[in-house]
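Below: the structure, in structure tokens.
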2 protein chains.
Amino acid sequence: MRADAKKNYDHLLAVARAVVKEQGADASLRDIARQADVGLGTLYRHFPTREALLEALLRTTLDEMTAQAADLEASNAPDDALVTWLREAVAFTHQYRGVTELMTAALDDPESALHASCVTVRAAGARLLARAQAEGKARSDIDGTELFALIAALAWLSDQPAFGRHAPRLFEIVASAILPDRPDTEGRTPRRPKTRS
Amino acid sequence: MRADAKKNYDHLLAVARAVVKEQGADASLRDIARQADVGLGTLYRHFPTREALLEALLRTTLDEMTAQAADLEASNAPDDALVTWLREAVAFTHQYRGVTELMTAALDDPESALHASCVTVRAAGARLLARAQAEGKARSDIDGTELFALIAALAWLSDQPAFGRHAPRLFEIVASAILPDRPDTEGRTPRRPKTRS
DNA sequence: ACCTGAACACCGTTCAAGT
DNA sequence: ACCTGAACACCGTTCAAGT
């Protein structure tokens with residue numbers, strides 16, 4: 001890659017990161033090019049699709065998540081490792097609003113630039129899940145895709161302003177379904193009376 | 001309303017129903033007006049916002065869901081009533097792809113034309129939930145909004161092509177979190193070996 | 001009262017023309 | 001080899017002009 005091209009690529013990526021962080025994964029590509037002071041065609045040359053742009057944006061983070069799964073597998077009890085990783089996965093996705101939809105679609109589309117990353121993440125989760133299942137800590141009737149789905153659902157919920165406030169409890173509810181006999185992380189505070197919903 | 005206006009209104013609604021069923025809740029309004037052989041301004045006159053259009057579209061179905069909740073409350077065991085209603089709620093939303101996002105946003109926005117309907121549905125669910133909680137059948141640390149959130153999450157998952165195949169099991173997993181001691185509905189089939197995820 | 005469609009400000013995507 | 005921006009086909013939304 002030529003030096004000027006490399007410069008454009010890097011700058012484009014930095015701007016895109018900021019814009020996507022602020023406006024979500026469906027931010028205007030035109031706007032990104034504009035803010036990067038670059039022709040619209042230049043953006044398309046470096047990132048032929050929106051998925052390609054997000055793949056570049058997410059690659060390092062997704063790799064970190066895979067690495068962290070390996071770490072947790074080596075150093076933690078199977079159930080703790082899984083729960084910690086799930087929490088991390090949801091939190092990560094929450095950085096970039098709307099990325100969940102994209103990753104979910106990419107998982108189903110081998111042509112997507114994001115496909116490989118998503119498959120890798122699913123595999124990392126599936127390993128942690130299998131280990132917990134082998135020790136009887138996790139429900140045995142779940143597979144890696146379903147674990148991915150539950151993470152995606154929790155991430156989606158966290159992105160909705162109506163539910164953001166409830167995200168921690170919703171996480172606990174779903175986690176308790178995956179790992180039935182795990183005590184709640186938070187100190188099981190008694191709930192406000194149920195008159196208001 | 002004048003007779004010609006009424007005719008336009010009805011026809012617009014019928015066309016919109018078909019288009020939204022096919023293309024989802026973010027279907028082009030222009031396209032709907034075009035297919036209804038009506039000026040774009042006419043659509044906006046009758047339905048000043050997309051939410052208003054969907055409110056008209058969903059009103060009868062949402063009312064039916066509220067009514068069904070009352071029926072179930074009168075004639076079924078608390079836990080069965082709740083599970084049946086949850087299943088129904090997810091299935092309904094699944095008819096119109098993308099409606100979940102809209103309803104979730106409306107729940108948080110009192111100005112939305114869909115707000116009242118969503119609040120009513122939440123209340124209907126909350127009643128069924130409270131009854132099941134009173135008999136110790138449902139987790140006590142969940143409120144109506146969280147029940148709504150879990151329904152929304154399941155509906156969202158069902159809309160994703162990658163997860164559609166897993167929707168029944170994902171429903172069972174979440175349902176088991178809400179109603180911990182309920183036996184699975186399906187005959188707990190042994191799972192395929194976990195080599196493929 | 002109600003309807004129409006042009007007008008405006010946006011998109012995503014492509015591609016001929018430039019350096 | 002890379003960059004640019006006009007061109008095209010779409011949007012949602014508004015509003016003057018018509019009946």
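Numbers restart at 1 for each chain; the letters A, B, ... are given by sequence-line order, proteins then strands. We use all heavy atoms of the structure for the numbers below, so side chains are in, but hydrogens, waters and symmetry mates are not.
Across all strands, A27(B) comes closer than 4.0 Å only to sugar-phosphate atoms, never to a base (heavy-atom distances). Residue contacts for S28(A): at a heavy-atom cut-off of 4.0 Å it reaches the sugar-phosphate backbone alone, with no base atom in range. Across all strands, L29(B) comes closer than 4.0 Å only to sugar-phosphate atoms, never to a base (heavy-atom distances).
Rounded to whole Å, atom P of dC11(C) lies 11 Å from atom OH of Y44(A). Across the protein-nucleic acid pair, D10(B) atom CG and dC2(C) atom P stand 14 Å apart, rounded to whole Å. Look at CG on D4(B): it is 15 Å from C1' on dG18(D), rounded to the nearest Å.
The side chain of D31(A) sits closest to dC11(C) out of dT14(D), dA1(D), dC11(C). Between dT13(C), dT4(D), dT4(C), one nucleotide has an atom nearer to the side chain of R30(A) than all others, and that is dT13(C). The nucleotide whose nearest atom lies closest to any side-chain atom of T42(A) is, among dT4(D), dT4(C), dT13(D), dT4(D). Here dT13(C) is the nucleotide among dT13(C), dC2(C), dT4(D) with the atom lying nearest to any side-chain atom of L40(A). Taking only side-chain atoms of A5(A), from C-beta outward, the nucleotide of dC3(C), dT14(D), dC3(D) with the closest atom is dC3(D).
Here the options are L147(B), L128(B), L129(B), L154(B), the test is side-chain contact (heavy atoms from CB on, under 4.5 Å), and the partner is L86(B); only L147(B) passes.
Comparing D26(A) and G41(A) by the nucleotide of DNA chain C that holds the closest heavy atom to each, the one mapping nearer the 5' end is D26(A).
In a base pair of the Watson-Crick type (N1 to N3 plus N6-O4 or O6-N4) or a G-U wobble (N1-O2 and O6-N3), with each distance short of 3.5 Å, dT19(C) is matched with dA1(D). Pair check for dA9(D) finds none; no Watson-Crick or G-U wobble contact set falls under 3.5 Å.
Considering every non-hydrogen atom in both F92(B) and M65(B), the closest pair reads CD2-SD, 3.4 Å. Here the closest non-hydrogen pair linking V38(B) and L43(B) is CG1-N, 4.3 Å. Shown here for L58(A) and L114(A), the closest heavy-atom pair between the two residues is CD1-CD2, 4.3 Å.
In this model, no side-chain donor or acceptor of R50(B) finds a partner on the base of dG12(D) within 3.5 Å.
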